[in-house]
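The next block holds one structure in the form of structure tokens; read it before the comments.
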Amino acid sequence: FEAPYPPYDPSDTASFSYTTVLKRWPIILTSVIDNIYRFNHDLDASIPSLESGSEDLKLIEERISEGKAIIEKISKLKYEMARDRALEPIPDDGEAMVEEYNTELARLAQQGKHTWFQAPWLFAECYLYRLLRSYFTQTKQWRTYDPFLSQKQDTFQKSSKAIFQLATTMHELEADKQKLASDADALNVIFKEMIQMCLWGNATDLSMLTQITHDDIQNLQSVGRDAQAARKQYILRDDQDKVWAHLQSLSGSNGSRVDFVLDNAGFELFTDFVFADFLVTYTPYVSKVVFHPKLIPWFVSDVTPPDFKAALESLLSPTFFPSSSGNTEWPVPPVAQAPEPRVVQTPPDLPESRNHLRVMVERWQKYLEEGVFQLSVPLDTPLGASHVKANFWTSPWPYWNMKELAKDVHDSLHDSGLVIFKGDLNFRRLTGDVRWPAHTPFSTALGPLAGAFPILSLRTNKADVVVGVDKDVADRLDDSGEQWRYNGKYALVAFLPCNES
Ligand code: F6P
Ligand code: MG
């Protein structure tokens, strides 16, 4: 499939793609260097306690020197990026996708588009994370190291207020379960709260958190009803009613399945779990949910299998989240990025909420044991494992040609009652990250994927590409000078069933 528009690339200095290569990627790479430096520093500090000549000492010294070599490679990469040098072929490190990336790179070289400020943004950004991965896989001691893990965990810990609040909301829903079962309208109201919570959970991906504060995070996560109502006006395309009608057409008894192509770990993954829980526990329409992770560290904060497993452990740990005495800042303070009006919420009763959280997460664990929830790869899959289907999610390709490029992924999703693509990067891949006019129908932008299976994109806008928005709305926003395509304040709920294309 050839889109009728060119891809976004940083040669347009007004695009977010340009800002990304100029500013955001260097910051992200520097954060990886800092992370390894700190790790090495701790290793160094442990040396005096080790016996000279011991095996342990040798291993630690090897690790430190490999860490230094990774830092050097990343520093060189930053240097070359800033000077618009060519993207180097990815070394054959024994992991997936090397040939795919390098073949495309050779093709781009023929067009003179193989340098950092010329290469298509979507390709170059995926390539960057795969290249970074190769720096770790080429060592002995850093192969399973996730340089973004500590960042992901720190941010997750700072999300405790919203997490406890949602746990209590779900607990309250329990009391209404019987009533909801016979009241489709009430269920529809809850559904809308759930889908919006899951949508705005995407607002805090860590690749955007290069300058954001703790307060910003909490405000972006304010999940109360009023906060959501205030945000509704920022949903520029809103197919919630169509999604609900579609879900009602699925039959729960007969194995109707929903798939989540996951985006970010931490709070967003938590909202995915809550939405999935709502679908299987409170609606009669869905009986199974499959979650699709990334197999390598990806776009800073995307969910890997170790993140997925650790999320449940952290949520059940009595010590992972700060205790109530630490939560003195409630109500949520106002910040720059969140839409007006800013809402003051009632604090949850924390000891109670911890209990609500435990009950809910234990239900999720039971669902995982019973296969009601399923990770698309085994739960203990290590970073970098090869898995024919899951590797597709860390390829650089638009989803247009999924049938040709990843027939097994395409075929497995074909049986799904609804495939939910979370987040911005998935939206960029669904639409090919090309310069569609913003009023292009979602079905057109999906190319040949349209109609293959029911598709729902829940995306907060963090990149230039937008489709499915009314022309007058898009024109007004373009004219306003606001950076509405990528400031994270606006969102899309875009749905296409499988019988319309
Ligand atoms: O636009 C910034 C950015 O980092 C993009 O590179 C990427 O598409 C996106 O944000 C990641 O966001 P998400 O986690 O929602 O996919
Ligand atoms: Mg992400």
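Computed from heavy atoms alone, side chains included, the values below leave out hydrogens, waters and symmetry copies. Just so it is clear, the model here is predicted, and its values are computed rather than measured.
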Q: Considering non-hydrogen atoms only, spot the tightest contact between Ile33 and Ser75 and give its length.
A: CD1-OG, 3.7 Å
Q: Considering non-hydrogen atoms only, spot the tightest contact between Leu458 and Cys198 and give its length.
A: CD1-SG, 4.1 Å
Indicate the ring-plane relationship of [X] and [Y], choosing parallel, tilted or perpendicular according to the 30° and 60° boundaries.
X: Phe373; Y: Phe273; value: tilted
X: Phe321; Y: Phe164; value: perpendicular
X: Trp393; Y: Tyr399; value: perpendicular

Name the atoms and distances for all side-chain donor-acceptor pairs under 3.5 Å in residues 107-116, with sequence neighbours left out.
from: Arg107; atom 1: NE; to: Glu104; atom 2: OE1; distance (Å): 3.0
from: Arg107; atom 1: NH2; to: Glu104; atom 2: OE2; distance (Å): 2.9
from: Thr115; atom 1: OG1; to: Asp84; atom 2: OD1; distance (Å): 2.9

Ring centre gap for [X] and [Y] strictly below 6.0 Å:
X: Tyr129; Y: Trp25; value: no
X: Phe156; Y: Phe267; value: no
X: Phe260; Y: Phe421; value: no

Mind checking whether [X] and [Y] have side chains closer than 4.5 Å, heavy atoms only?
X: Leu77; Y: Leu131; answer: yes
X: Ser386; Y: Glu95; answer: no
X: His410; Y: Leu449; answer: yes
X: Tyr8; Y: Tyr18; answer: no
X: Leu132; Y: Tyr127; answer: no
X: Thr381; Y: His387; answer: no
X: Leu375; Y: Pro305; answer: yes

Keeping [X] on the side-chain end and [Y] on the backbone end, is there a donor-acceptor pair under 3.5 Å?
X: Arg133; Y: Ile296; answer: no
X: Ser159; Y: Thr155; answer: yes
X: Asn102; Y: Ile90; answer: yes
X: Gln157; Y: Pro322; answer: no
X: Asp464; Y: Phe16; answer: yes

Q | Residues forming a side chain to side chain donor-acceptor pair (under 3.5 Å) with Glu61, sequence neighbours excluded | A | none
Q: Give the C-alpha distance, both sets of side-chain angles, the deciding distance and a yes or no for salt bridge (Lys or Arg N to Asp or Glu O under 4.0 Å) between Lys140 and Glu62.
A: CA-CA 9 Å; Lys140 282 195 193 140; Glu62 180 176 49; 3.5 Å; yes
Going by the side-chain hydrogen bond (donor to acceptor under 3.5 Å, both in side chains) test, which pairs reach into [range], not counting sequence neighbours?
range: residues 303-315; answer: Lys152-Asp307, Thr304-Asp307
range: residues 366-380; answer: Thr281-Tyr367, Lys288-Gln374
range: residues 27-50; answer: Thr30-Lys78, Asn35-Tyr145, Asn35-Ser150

[X] side chain to [Y] side chain, donor-acceptor N/O pair below 3.5 angstrom:
X: Asp56; Y: Ser54; value: no
X: Gln483; Y: Asn487; value: no
X: Glu268; Y: Asn202; value: yes

Q: Run through Arg459, Lys462, Glu482 and flag the one making a side chain to side chain donor-acceptor pair (under 3.5 Å) with Tyr490.
A: Glu482
Q: Pick out which of Arg130, Glu100, Arg429 makes a side chain to side chain donor-acceptor pair (under 3.5 Å) with Ser395.
A: Arg429
**Q.** Greater than 12 external heavy atoms within 6.0 Å of Lys73's NZ
**A.** yes
Q.
Counting only heavy atoms from other residues, nucleotides and ligands, does the tally under 6.0 Å from CD of Glu362 exceed 12?
A. yes
Q: May I ask you to decide whether Glu80 forms a salt bridge with Lys76, counting only side-chain N to carboxylate O separations under 4.0 Å?
A: yes
(Q) Rounded to the nearest 0.5 Å, what separates atom CZ in Arg435 from atom OG in Ser15? (A) 6.5 Å
Q: Any chance you could measure Lys294, atom NZ, to Asp302, atom CG, to the nearest 0.5 Å?
A: 4.0 Å
(Q) Would Asn461 and Trp484 count as a side chain to side chain donor-acceptor pair (under 3.5 Å) here? Give the steps. (A) CA-CA 7 Å; Asn461 298 5; Trp484 67 283; over 6 Å; no
Q. Can you list every pair that meets ring-ring contact (aromatic ring centres under 6.0 Å, His included) and has a residue in residues 60-110, with sequence neighbours left out?
A. Tyr101-Phe123
**Q.** The single option from Asp259, Leu262, Val377 passing side chain to side chain contact (heavy atoms under 4.5 Å, CB included) against His292
**A.** Asp259
